Structures are given as structure tokens and as C-alpha cells.
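Working notes for the structure below.
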Amino acid sequence: LLDQLIAVAELPDRSVRGQPGALYGTPPFSGAPGHLFRALLADGRLTAEAGNLEQAHRRYAAAIKLADHLTCIEAPCVLNHVIAEGLRARTLQSFERDVRPRLEGNAESLARWYGDLHRASDLSTDFDAMLVADWNLSLQHELLPALLTESIDLNGDGCRQSLVVPAQD
């Protein structure tokens, strides 16, 4: 599973076109990103402890790239950015705690790790795309279901009012 996850992370294309939820800013693996990241980071830590820093680097870099899959899509929503930033922070925290001490004295390797793991995110450049994604999410989950019901209790008084114009024959 980890090899398949790393292969997905290393894909150069971050598009969600054709995927379920693509219009709404939801990446295909969004249901369980925490479990995927924990598995990658645990394997990266164990690999580093075993002395294979190159494979550990690949796993940590894959965790960062999977976070990119949440934000570098056509219409990432604000929640995607929040989750991705949390996962990036967790990856960096794990690196600093578990791997960085093993890289002391190797400035070249440490610089490569930092270059691959530190991503500067600029939410202002993604703001338009986030507005589109959040609008689509709101439309899909809140507005359309309300409009497609036969009636709704708008005032909370038990009097249900129709929001949909009946179809004409």
C-alpha cells in the first residue's frame, strides 16, 4: 500500500478532473488523509532508524506531496488548505524530532531534506479557486438539497413552504 501511495504522491499531475467530487474541490483520497500520512511518517521514521535515509527521505517527501494533492488542484476549498497545512506541519515536526538528529554534520543532505519538505504556501494566490470550490461545496451540500425538497419549515413554526416551482406538464 505504501508503494502505491508514494507512486500517487510522485505523480506530476495534481488534477482531479474525472474524479468523484472533482467539481467540488474534493480530492479522491480526502476521506482518510490522516491515516495515510501517519503510515508514511511511521514508515519513514522506522526506515531512518534502520539507517536507510534515502528511503526515509522518499517517504517524508511523499507525505508533503500528498498534502500538495489537497491544495494544488483545480478548485481547492479552504478546508483542503487547512488540512494540508496541518499535515505539512505534522510531517515537519516528525522530521525534526525523528530524522534531523541523524543528519547532523551532513549539511548537503540536510539542505536537500529542507528543500524538499519546506513548502511556502501563499493562500492569496489560491483565493479565487478557493471561492469557486467553497461555492460549489455550499451549492452541492446546502442550497441544492434545500431547493430540491418539496417543502421546508422556514420559520420553525411547523408551517412548511415550498421552495421549488412545480414542474409544468
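Atom set for the values below is all heavy atoms of this structure, side chains included, hydrogens, waters and symmetry mates excluded. Residues take their numbers from the sequence shown, with the count starting at 1. Note that this is a predicted model, so its numbers are computed, not measured.
When L92, T47, D98 are each tested for a side-chain contact (heavy atoms from CB on, under 4.5 Å) with Y60, only one passes: D98.
Heavy-atom minimum distance, W113 versus A56: CH2-C, 3.6 Å. For A61 against L117, the heavy-atom pair with the smallest separation is N-CD2, 3.8 Å.
With respect to the salt-bridge test (charged N to carboxylate O, under 4.0 angstrom), the residues E49 and R45 qualify.
In this structure, K65 NZ and D116 CG are separated by 7.0 Å, a value rounded to the nearest 0.5 Å. A distance of 12.5 Å separates CZ of R38 from OG of S94, quoted to the nearest 0.5 Å. Once rounded to the nearest 0.5 Å, the distance linking CG of L110 with CZ of R102 reads 14.0 Å.
Around CD of E104, the count of heavy atoms belonging to other residues, nucleotides or ligands within 6.0 Å exceeds 12.
Applying the salt bridge (Lys or Arg N to Asp or Glu O under 4.0 Å) criterion to D43, with sequence neighbours excluded, gives R59. Partners of A62 according to the side-chain contact (heavy atoms from CB on, under 4.5 Å) rule, which considers only residues two or more places apart in sequence or in another chain, are I6, A9, L40.
Distance alone, capped at 3.5 Å, is enough to place a donor-acceptor pair between the T91 side chain and the L87 backbone.
Between R88 and D68, the closest side-chain pair of non-hydrogen atoms falls below 4.5 Å. Residues L103 and L53 have side chains in contact (heavy-atom distance under 4.5 Å, counting atoms from C-beta outward).
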